[in-house]
Each structure stands twice: as C-alpha cells, then as structure tokens.
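Each chain gets a letter, A, B and so on, in the order the sequences are listed, and its residues count up from 1. Being a predicted model, the structure only gives us computed values, none of them experimental.
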Amino acid sequence: MAKRYWLMKSEPDVYSIEDLRRDEVCHWEGVRNYQARNLLRDQIRVGDGVLFYHSNAKPPGVAGVAKVVKNGYPDHTAFDPESPYHDPKSDPDAPRWFMVDVAFVEAFPALVPLATLQQTAGLEDMVVTKKGMRLSVQPVTREEWRIVLRLGRRAGKERAPRPRESR
DNA sequence: GCCAACGTTGGC
DNA sequence: GCCAACGTTGGC
C-alpha cells in the first residue's frame with residue numbers, strides 16, 4: 001500500500017505537538033466517532049504521514065508533522081473507568097474503539113492557521129477547510145500534504161531560521 | 001462564552 | 001425506523 005496522508009486533530013491544551021516532541025511517540029487515544037474509528041482501524045497504516053492539527057486553539061491550524069508507527073489496535077482507555085475516555089459499551093472481547101501510535105517528525109516553526117488553509121489555492125477541497133466538518137481524523141491528498149508542508153516550512157523561514165530537518 | 005452543525009440516544 | 005431532545009465539537 002502506498003503511503004497515505006491524514007490530518008488528526010488534538011486540542012493543544014490537552015496534547016500538543018510539543019507534547020509529542022517530548023514524548024516522541026504517543027497513543028492516539030480517545031477517538032469516539034465511528035467514521036474516524038473506521039479510518040484508524042482499517043485504513044491508516046505504519047509509515048503514513050500525519051498533519052498534527054491544533055483544534056480549539058487561538059488560532060486553530062496545522063502545528064507540525066507526525067508519522068504512523070503502529071497500525072490500529074483496541075483503544076484500552078475505553079475499558080478504564082478512571083479514564084476520561086471510558087466507554088462502558090466497549091467490550092474488551094469486541095472492542096468498539098481503536099487507536100494508532102504516532103511518532104514526532106517535526107514541529108513547524110510557525111503554525112499554519114486554518115484561515116491560511118482556507119485561502120490557499122489547491123486546498124479548496126481539503127476536508128478541514130469545509131464548514132461544519134468536525135471529523136477528528138481526516139484523509140489528506142498527496143497534493144494537499146505537499147502544499148501544507150511547504151506552507152509550514154515557509155512560515156518558519158520568514159520568522160526564524162529552521163534547523164535542518166530529517167525530511 | 002456563544003452557538004451552529006453534527007452525532008447519538010431513546011421514546012414511541 | 002422516525003425524529004425530538006440532548007450532548008459535543010470547534011470556529012469565532
């Protein structure tokens with residue numbers, strides 16, 4: 001399967017790209033939407049690229065890049081009564097919710113705001129720019145990926161020198 | 001903090 | 001299986 005690309009939302013107050021930089025790898029836990037669940041379980045694969053999106057932020061936007069390092073597996077936080085993501089209806093013998101593991105790749109020197117995405121030619125059909133689209137795990141096309149990475153790296157170039165990145 | 005757009009739940 | 005009520009998401 002060729003490498004594919006995704007956008008995943010996280011509230012930076014809960015878990016930000018800087019948290020992922022520190023942790024290096026994280027479980028993408030707590031997704032409780034069936035459409036997103038299906039992507040995590042069936043579509044997203046090791047090696048795929050992830051745009052790390054800060055939602056409910058000021059401003060919201062793409063903060064950096066991660067990569068998938070573990071395919072979908074049951075989200076154990078659903079089984080934990082102490083977890084904020086606890087779901088008593090998820091049975092360990094037939095898990096309802098899934099997660100993947102992602103690893104830090106890079107943080108953009110400056111966030112690419114949603115408003116910029118909405119104004120950028122070539123991103124007209126990008127899911128995150130659509131009004132009313134709340135899906136927290138979304139597919140991204142190869143071309144959208146290319147454009148957003150260029151925006152993120154260019155944004156940094158205008159403000160501060162960017163250290164050599166591995167990719 | 002507001003509220004529009006969605007998704008889910010539950011009565012019938 | 002409809003749909004009203006309710007809860008959540010997430011931009012503004």
Chemist: Among the clusters formed by ILVMFWY side chains lying less than 4.5 Å apart, do A:Leu114 and A:Trp145 turn up in the same one?
Modeler: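 Looking at the clustering, A:Trp145 is in the same group as A:Leu114.
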Chemist: Using whole Å, what does the distance between atom C1' of nucleotide B:dC6 and atom CG of A:Asn33 come to?
Modeler: 10 Å
Chemist: Go along nucleotides 7-12 of chain C 5' to 3' and tag each nucleotide: B for a protein heavy atom under 4.0 Å from its base, S when only backbone or sugar atoms are that close, - otherwise.
Modeler: BBBBB-
Chemist: Going by the ring-ring contact (aromatic ring centres under 6.0 Å, His included) test, name the single residue among A:Trp6, A:Phe104, A:Trp28 that passes it with A:Phe52.
Modeler: A:Trp28
Chemist: Side-chain contact test, heavy atoms from C-beta onward, threshold under 4.5 Å: evaluate it for A:Thr116 versus A:Leu123 and give yes or no.
Modeler: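 Result no, sub-4.5 Å side-chain heavy-atom pair not found.
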Chemist: Is the distance between the ring centroids of A:Trp97 and A:Phe79 under 6.0 Å?
Modeler: no
Chemist: Could you tell me, to 10°, how much the axis swings from one end of the helix from B:dG1-C:dC12 to B:dC12-C:dG1 to the other, five pairs per end?
Modeler: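 The angle separating the two end axes equals 10°.
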Chemist: Less than 4.5 Å apart, any side-chain heavy atom of A:Phe108 and any of A:Leu151?
Modeler: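 No. Closest side-chain heavy atoms not under 4.5 Å.
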Chemist: Can a donor-acceptor pair be found, under 3.5 Å and without considering hydrogens, that links the side chain of A:Asp23 to the backbone of A:Val25?
Modeler: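 A pair under 3.5 Å: no.
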Chemist: Going by heavy atoms in the side chains, are A:Tyr5 and A:Thr141 under 4.5 Å from each other?
Modeler: no
Chemist: Please check if atom CD in A:Gln118 has more than 12 non-hydrogen atoms from other residues, nucleotides or ligands closer than 6.0 Å.
Modeler: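 Check passes, neighbour count above 12.
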Chemist: State, yes or no, whether a side-chain contact exists between A:Met99 and A:His76 at a heavy-atom distance under 4.5 Å.
Modeler: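 Counting from C-beta outward, A:Met99 and A:His76 do come under 4.5 Å.
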Chemist: Which parts of residues 80-99 of chain A get close to DNA chain B, meaning a heavy atom less than 4.0 angstrom away?
Modeler: A:Lys89
Chemist: Is the NZ or CZ atom of A:Lys70 both under 6.0 Å from the centre of the six-membered ring of A:Tyr73 and within 45° of that ring's axis?
Modeler: yes
